[in-house]
Amino acid sequence: FLHDNNNISPRLSVAYAPSKDRKTVLRVGAGLFYDRTGPGPLFDLKRYNGVRLHQVVLTDPGYPEPLSDAALMGLPTTITRFDPTVQLPYTLQFSATLERQLHKNATLSASYWAIRGVDLFRSRDVNAPLPPFYSVRPNPAFGVYRQIESSGHLQSDALELAVRGRLTRYFNGMVQYTFGRAMNDVAGNYSSSTRSPGINAFPANNYDLSGEWARSDYDQRHRLNLLGSTHVAKFLDFGMGVSANTGAPYTETTGRDDYHTGYANARPPGVSRNSLQGPGFAQLDLRWFHDFAFTRKQDGPSARFALDAFNVTNRVNYASFVGNLSSPFFG
């Protein structure tokens, strides 16, 4: 579909221990990773080709009665196309870690992670009503002309400090703190394995993309994770999990279709994407467990009994937020 056949994706990693005891190790790695469209957009290219499936977007459906089938078929249809210059997006991922062995079973590490996204997928209505009144489409023969482009960018940097192993006589686990920053101009979570998360995202104003460069959907400045277990005495084995992070951003919208495109995603003048800040997240999970061995052999079969308690502080952690100014649930 894209005829983009030069996608060489080299990857390289090096580990170096400068001292003879090898207790200090420097690890450096980098790689090039190409994205894919996924099947959904390819289906749209076949379905919304102007012939196979007729889709009409009514930006002002204030009619006194439903339109007849003949009237609907007379309205311009939606089409989906690739931008003629489209190509496969890619991310350059780089990391450097300095690791130090504290004692036999514990290590301390400091890591820097960077991601640069180039030519990321996004969609744009290139037949959107023209400014300044946004009332007339340039080509009246079509309705929404969805153009799938590779024009987005991503810049993500993070510093991670971690200590792992048997940290004390009684505690074995991991403590990890991350300070990060992620900016992009395409909606979607590019920190996950989701394929082309922004390919279905439209900008608020198809003729002005300046407000799209902002904090990414998954941008969280501070993240803390603690996982571990401790053995106090016989039948007193405990596990603990602590997760805490600062809030993620969300977007303020008017709740109206101010640009008459069929999408109520317009923002107030001068407001960029993801300008609002959600509250932080914190959760404490606890576990009691005990292993019963069936034989005297150290690596023999055994059974584990456990009792888990999740979010024991009963903290309310909100998952999503309403940025629609027209909604009574704003914020």
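In this text, all values refer to a predicted model and were calculated from it rather than measured experimentally.
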Quick one: do the [X] and [Y] side chains pair a donor with an acceptor below 3.5 Å?
X: Y112; Y: D157; value: yes
X: N317; Y: R315; value: yes
X: R164; Y: N172; value: no

Within the structure provided, determine whether [X] and [Y] are in side-chain contact (heavy-atom separation under 4.5 Å).
X: S243; Y: F281; answer: yes
X: Q277; Y: R215; answer: yes
X: L58; Y: L75; answer: yes
X: P129; Y: V136; answer: no
X: D119; Y: S151; answer: no
X: R100; Y: S109; answer: no
X: P279; Y: F321; answer: yes
X: S229; Y: F289; answer: yes

Task: Pair Y90 and F33, ring centroids less than 6.0 Å apart - done: no

- [ ] Indicate, with yes or no, if the rings of H290 and F235 have centres closer together than 6.0 Å.
- [x] yes

Task: Parallel, tilted or perpendicular: ring planes of F82 versus F121, cut at 30 and 60 degrees - done: parallel

Open item on the list: Tell me whether the rings of Y177 and H222 are parallel (<30°), tilted (30 to 60°) or perpendicular (>60°).
Closed with: parallel

- [ ] Nearest 0.5 Å please: distance from the CG atom of D258 over to the OG1 atom of T254.
- [x] 4.0 Å

TODO: Run through V57, D125, V56 and flag the one making a side chain to side chain contact (heavy atoms under 4.5 Å, CB included) with T78.
DONE: V57

Task: The single option from I199, T80, T37 passing side chain to side chain contact (heavy atoms under 4.5 Å, CB included) against D44 - done: T80

